[in-house]
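For this chain, numbers begin at 1 and follow the sequence in order. Because the structure is predicted, anything quoted here is derived from the model rather than measured.
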Amino acid sequence: MKKRIIAAGLLMTTSAYAQTEVLTGVTRGKDYGVVYSLPKTQIELEIKANKVKYTPGEFSKYADRYLRLNNVSTDPEVYWELASVKVKSVGVPNGDATYFVKLKDKTVAPLMELTEDGIVKSINVPYSQNGSAKKNTPTAPAGQVNANPRDFLTEEILMANSTAKMAELVAKEIYNIRESKNALLRGQADNMPSDGAQLKIMIDNLNLQEEAMTKMFSGIREKEEKTFTVRLTPDKEFSNEVAFRFSKKLGVVANNDLAGTPFYISLKDLKTVKIPQEDGKKKKDLEGIAYNVPGQALVTLTDGKKKLYEGELPVTQFGIIEYLAPVLFNKNSTIKVYFDPNTGGLLKVDREEGK
């Protein structure tokens, strides 16, 4: 839920702002105002990995002999597969960039919207319920029903006097199913379906039987997807630092865990923002609404051989802080300001002239 703070110069009466949800006076000494923060950038890696549980099939040792399936293991196994890695920049409150907006009698009382973390989001923008509306809970997709291969076995197969013979007969049944599918698709079957819908039903049923019987040789792999999040807080450029490690047995592990294979990240400041020279004399007199002018950085993620990601991301640590002059917020007009809560940068400034 987003924080909504209305600050009036000397606590205006609620009747004057009847549409306002909350009236809050934040004080610092004898002054009233609002405390807000600007964000700093963290590089977030969203790592998706699959935990795979392999169960060998009943005829796994005959997979190569009868179906020419290579590298089929006869031993159960649990292992991890790296599915994907997404890289993005996120904003978190910067403790070194916290500001107090002092509200004066001669200014229009601004409506400030902050995020849950106290980062400024907008000024003088009408309240919107969109962000706090209930989100539709995604329904989990229905799990695929795995057919029991023994439901498709013939009497001859079930009466076989050895596992090897049974495997041979099941393999023959798989080849017969494939021939039946080919005949249907070529229009050469003895009993062709009357329309496309019937053909689809027949093909689907044959595919179901073939898949179920083939798993008696190839085994079953059950996958469970898990998401891991790694965040890095850059304060300078770096090259080929270990972001995380991945182990086939353990999945995603810490960057100092030698059980996993390292993945490297590099960050290069593209110098898109000119950093002004320090001016101690003027620094004390700066007033107004602070906002970030973020820099851009080139982020590269590799496994040591190939690139998994390369792109430009905004990084506030490579930028500067600027200020909206207090004179903008006077009684002659209303200024609407939109900020990017991820970077603290300006998105849009609108002016509404007073009547």
Inset, instruction - Decide yes or no for R221 and E77: does some side-chain heavy atom of the first lie under 4.5 Å from some side-chain heavy atom of the second? - result: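 A side-chain contact under 4.5 Å is absent here.
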Inset, instruction - Tell me, please, which residues at least two apart from A290 pass side-chain contact (heavy atoms from CB on, under 4.5 Å). - result: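 Residues passing side-chain contact (heavy atoms from CB on, under 4.5 Å) with A290: Y36, L38, Y99, I321, Y323.
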Does atom [atom1] of [X] have more than 12 heavy-atom neighbours, drawn from other residues, nucleotides or ligands, at distances under 6.0 Å?
X: K88; atom1: NZ; value: no
X: E156; atom1: CD; value: no
X: N148; atom1: CG; value: yes

Inset, instruction - Give a yes or no on whether the backbone of I265 and the side-chain of N240 come within a donor-acceptor separation of less than 3.5 Å. - result: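 Not at all, since once roles are kept as given, no pair shorter than 3.5 Å links the two residues.
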Legend entry - Lys/Arg N to Asp/Glu carboxylate O, K51 vs E224, below 4.0 Å: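 Looking at E224 together with K51, the answer is no, because their closest N to O distance does not fall below 4.0 Å.
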Legend entry - Contacts of S247 that satisfy side chain to side chain donor-acceptor pair (under 3.5 Å) - sequence neighbours left out: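 S247 satisfies side chain to side chain donor-acceptor pair (under 3.5 Å) with no other residue.
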Legend entry - Least distance between heavy atoms, F217 atom then A167 atom: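 Taking F217 first and A167 second, the nearest heavy atoms are CZ-O, 3.3 Å.
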Legend entry - NZ or CZ of K121 within 45° of F339 ring axis and under 6.0 Å: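 No, K121 does not lie over the aromatic ring of F339.
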Any donor-acceptor N or O pair under 3.5 Å, side chains [X], [Y]:
X: N50; Y: K226; result: no
X: E46; Y: T229; result: no
X: Q198; Y: S194; result: yes

Legend entry - Test salt bridge (charged side-chain N to carboxylate O under 4.0 Å, His left out) applied to D204 - qualifying residues, sequence neighbours left out: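 So D204 forms a salt bridge (charged side-chain N to carboxylate O under 4.0 Å, His left out) with K200.
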Legend entry - same_hphob_cluster(F152, Y175) at 4.5 Å side-chain heavy-atom cutoff: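 Same cluster.
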